[in-house]
**Q** 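Got a structure for you, written out below as structure tokens; questions coming shortly.
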Amino acid sequence: MNDPNLLYTIAVWLIPLVIAIVFHEVAHGYVARMFGDTTAERSGRLTLNPIRHVDPIGTVVLPLLLAVANAPIFGWAKPVPVLASQLRNPRVHMMLVALAGPATSFVLAALSGLALGAMIAGLGIPQAGVMLFVFQNLVNFILINVFLGVFNLIPLPPFDGGHVVQGLLPRAAAIQYSKLARFGFPILLVLLLVLPAISPSADVIRLVIAPVASAVARFFLPAQIEF
């Protein structure tokens, strides 16, 4: 960890990662409160203070390990607690609560794209110093938010897309489908680590998620930035 380049890489990825996942989770809580569930508010999770959202593995350990390994950096925060039973219309409102996270991620990517375009129009692409640091944080903020948004739309619980599928299924089928949530963390490990290790042709992230995320990222990134 004495490598200054490594520390710089961690900084330009970890800072936007933490900000992105905090906004993503808080969005779930705010929309849940809007529809009647105050669980997140009572748990002190409707705050942008990252300390309240940090997951030791997903927010700290995994991103650092990925940075050291020079791999794409990814992570997650502690899920904001939401009780569907407290929502006024549980099936419909739970779908909207779930979609709030990816929607917020895409809005943040759009706003960052505008900021990046304004920076390039006024200063050009920075080559060094503080402005380069800001520039790289903005670029990475866009990439992270896009990946968060696309990845969380995977139609499996406990991902946001899984909650949307549950809301669309008949009630009996939705109950059975929700039972997949207990396998959420193993599913995540399989998608991120196991399948790529078995075979490149089984790397769902690279073959399915990454092309979609890349296409969306190109939409938000200024044309001057090669990606």
Side-chain angles (χ1 to χ4, degrees), residues 1 3-31 46-55 58-78 80 99-153 160 192 205-206 209-227:
M1 293 294 291
D3 182 356
N5 292 326
L6 176 59
L7 293 175
Y8 185 87
T9 298
I10 291 173
V12 298
W13 281 103
L14 193 58
I15 292 172
L17 173 66
V18 170
I19 295 172
I21 59 181
V22 166
F23 270 91
H24 185 103
E25 290 300 327
V26 171
H28 290 309
Y30 268 108
V31 174
L46 296 189
T47 174
L48 295 180
N49 179 358
I51 301 300
R52 302 305 300 267
H53 303 280
V54 166
D55 178 281
T59 315
V60 180
V61 175
L62 179 62
L64 289 177
L65 290 176
L66 292 174
V68 170
N70 198 30
I73 294 179
F74 180 70
W76 59 85
K78 290 188 297 185
V80 164
L99 289 172
T104 297
S105 296
F106 293 137
V107 168
L108 290 174
L111 293 176
S112 298
L114 293 174
L116 204 54
M119 173 183 284
I120 293 173
L123 303 173
I125 297 179
Q127 302 300 315
V130 174
M131 295 311 298
L132 176 61
F133 181 78
V134 173
F135 175 85
Q136 291 182 326
N137 268 274
L138 282 172
V139 171
N140 291 341
F141 193 57
I142 293 173
L143 299 179
I144 289 168
N145 274 295
V146 167
F147 187 80
L148 271 178
V150 172
F151 188 79
N152 273 282
L153 288 174
D160 298 329
L192 290 176
I205 301 299
R206 182 177 64 86
I209 305 300
V212 176
S214 295
V216 177
R218 288 191 190 96
F219 177 78
F220 290 122
L221 286 166
Q224 299 91 329
I225 298 177
E226 295 183 6
F227 174 70

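As the structure is a computational prediction, the values presented were derived from the model and not from experiment.
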**Q** Residues in side-chain contact (heavy atoms from CB on, under 4.5 Å) with F219, at least two apart?
**A**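 For F219, no residue satisfies side-chain contact (heavy atoms from CB on, under 4.5 Å) once neighbours in sequence are set aside.
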
**Q** Check side-chain contact (heavy atoms from CB on, under 4.5 Å) between N49 and all other residues, then give those that pass, not counting sequence neighbours.
**A** T47, I51, R52

**Q** For Y30, check ring-ring contact (aromatic ring centres under 6.0 Å, His included) against everything at least two apart and list the hits.
**A**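 Testing Y30 for ring-ring contact (aromatic ring centres under 6.0 Å, His included), a comparison that skips the adjacent residues, returns none.
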
**Q** For a quick test of reading the model, state the closest non-hydrogen atom pair linking A217 to V146 and the distance between them.
**A** N-CG1, 3.9 Å

**Q** For residues 16-23, please give each side-chain donor-acceptor pair under 3.5 Å, one per line with the distance, not counting sequence neighbours.
**A**
none

**Q** For residues 112-135, which side-chain donor-acceptor pairs fall under 3.5 Å, sequence neighbours excluded?
**A**
| residue | atom | partner | partner atom | Å |
| --- | --- | --- | --- | --- |
| S112 | OG | L108 | O | 2.9 |
| Q127 | NE2 | I125 | O | 2.9 |

**Q** Could you check whether any side-chain heavy atom of L221 comes within less than 4.5 Å of a side-chain heavy atom of L143, counting everything from C-beta outward?
**A**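 With C-beta onward as the side chain, the pair touches.
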
**Q** Taking all non-hydrogen atoms of both residues into account, name the closest pair between N152 and P102 and its distance.
**A**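 That would be CB-CG, 4.3 Å.
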
**Q** Once side-chain contact (heavy atoms from CB on, under 4.5 Å) is applied, do any residues pair with L99, and if so which ones, sequence neighbours excluded?
**A**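 L153, V164.
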
**Q** Can you name the closest pair of heavy atoms from G29 and V80 and give their distance?
**A** CA-CG1, 3.8 Å

**Q** Does V107 have any side-chain contact (heavy atoms from CB on, under 4.5 Å) partners at least two apart in sequence or in another chain, and if so, which?
**A**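 Listed in chain order: L111.
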
**Q** Give the minimum heavy-atom separation between F220 and F106, together with the two atoms involved.
**A** CZ-O, 3.7 Å

**Q** Let me confirm one number: the CG-CG distance from L14 to L7, rounded to the nearest 0.5 Å.
**A**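 Separation between the atoms: 11.5 Å.
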
**Q** Can you list the residues that meet the ring-ring contact (aromatic ring centres under 6.0 Å, His included) rule with H24, with sequence neighbours excluded?
**A**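 With neighbours one apart ignored, the set is H28.
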
**Q** F141 and side chain to side chain contact (heavy atoms under 4.5 Å, CB included): which single residue from N137, N145, I144, V139 fits?
**A** N145

**Q** Which residues pass the ring-ring contact (aromatic ring centres under 6.0 Å, His included) test with F151, sequence neighbours left out?
**A** F74, F147, F159

**Q** Between R206 and P211, which heavy-atom pair has the shortest distance, and what is it?
**A** O-CD, 3.2 Å

